[in-house]
Amino acid sequence: MPTKKILIIEDEKNLARFVSLELEHEGYTTEIRENGRKGLDEALSKDYDLILLDLMLPELDGFEVARRLRKEKQTPIIMMTARDSTMDRVAGLDIGADDYITKPFAIEELLARVRSFFRRTEQIKGPENKGDNTKFRDLVIDKSNRTVQRDNQIIDLTRREYDLLLTLMKNVGDVVTREHLVSQVWGYEEGTETNVVDVYIRYLRNKIDVMGQESYIQTVRGLGYVMREHN
């Protein structure tokens with residue numbers, strides 16, 4: 001398996017170097033850029049498997065780096081932020097970050113999230129890509145090219161939105177708990193904060209639902225979510 005390449009965009013030199021050394025000890029290849037503009041240029045000019053992106057950066061902040069990057073590439077992003085407000089986390093997810101971790105963090109937690117992300121990515125590339133379709137009402141997922149269509153129109157989903165929808169569609173009729181979704185889609189252990197699931201369900205509904213019609217995804221209060229066929 002090719003070595004995974006990770007770009008670290010972080011202006012705290014000691015932290016960036018420490019994270020880089022730990023990642024390289026795990027077998028990854030890393031590059032460091034110490035401001036937002038140089039980091040964005042690097043991310044656009046080369047292909048990386050993952051970007052660790054600080055929020056507070058000189059020249060361009062992490063939000064702007066992610067926003068500009070998403071216009072051209074879908075490179076996965078884990079945002080590193082010292083601001084632990086829900087609004088900051090939601091804003092990061094809104095502009096295309098795949099995950100976030102709050103500073104100060106234990107390096108073991110960051111490494112675990114990186115491993116979980118790549119493990120989930122490899123699982124999706126493996127047994128699920130068999131060229132068959134998964135259908136629910138008029139939604140069709142083509143696993144061979146990871147596309148979602150409704151009435152033969154492509155619905156543009158992010159990587160995480162696709163994984164979440166696929167998990168729900170594979171369990172039509174069954175209530176899927178937030179904890180199970182966090183485990184399956186994000187690769188986290190049980191007990192991890194699950195409000196990120198609610199944020200992504202909202203994103204999905206905004207993209208797949210039809211105005212004036214019942215949502216494809218139903219909330220089961222206190223438990224999770226379910227996709228049910230019409231009676």
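On a predicted model such as this, the values are computed, not experimentally measured, just so you know. Heads up: numbering here begins at 1 and tracks the sequence.
Between I51 and V65 there is no side-chain heavy-atom pair separated by less than 4.5 Å. Side-chain contact between K103 and M56 is absent, with no heavy-atom pair separated by less than 4.5 Å. At a threshold of 4.5 Å between non-hydrogen side-chain atoms, the residues D49 and I6 do not count as touching. At least one side-chain heavy atom of T219 sits less than 4.5 Å from a side-chain heavy atom of Y225. In this structure, the side chains of Y200 and T158 come closer than 4.5 Å at one or more pairs of heavy atoms. Annotation: side chain of D142 is not in contact with side chain of Q149 (no heavy-atom distance under 4.5 Å). Within the 4.5 Å cutoff, side-chain heavy atoms of D198 are placed close to those of R178. Inter-residue side-chain proximity for I201 and L168 is flagged as met; some heavy-atom pair is nearer than 4.5 Å.
No donor-acceptor distance shorter than 3.5 angstrom exists from the side chain of R33 to the backbone of K38, with no hydrogens or angles considered. A donor-acceptor pair is defined here as one N or O able to donate and one able to accept, closer than 3.5 Å; no such pair exists between the side chain of S20 and the backbone of A16. Looking only at distances, no side-chain donor or acceptor of R150 sits under 3.5 Å from a matching main-chain atom of R137. In this structure, E12 contributes its side chain and N14 its backbone to no donor-acceptor pair below 3.5 Å. Remark: side-chain polar atoms of D151 are not paired, donor with acceptor, to backbone N or O of Q153 under 3.5 angstrom.
None of E64, E59, E42 except one satisfies the side-chain hydrogen bond (donor to acceptor under 3.5 Å, both in side chains) rule with R37; the exception is E59. When the options V196, N171, V176 are evaluated for a side-chain contact (heavy atoms from CB on, under 4.5 Å) with L181, the one that passes is V176. The only option from I32, N35, L57 that meets the side-chain contact (heavy atoms from CB on, under 4.5 Å) definition with I9 turns out to be L57.
Here R70 pairs with D98 in a salt bridge; the nearest charged N to carboxylate O distance falls below 4.0 Å. Comment: R115 engages E26 in a salt bridge, judged by a side-chain N to carboxylate O separation of less than 4.0 angstrom. One finds a salt bridge joining R146 and D163 here, because a Lys/Arg side-chain nitrogen approaches an Asp/Glu carboxylate oxygen to under 4.0 Å.
Each of L157 and V140 belongs to its own hydrophobic cluster when Ile, Leu, Val, Met, Phe, Trp and Tyr are linked at side-chain heavy-atom distances under 4.5 angstrom. Hydrophobic clustering of Ile, Leu, Val, Met, Phe, Trp and Tyr side chains at less than 4.5 Å, counting indirect connections, keeps I217 apart from V175.
Listed here is the closest heavy atom pair of E161 and Y203: OE2-CB, 3.3 Å.
Residue N133 holds its CG atom at 9.0 Å from CE of M169, rounded to the nearest 0.5 Å. For the atom pair CG (L223) and CZ (R221), the distance works out to 11.0 Å, reported to the nearest 0.5 Å.
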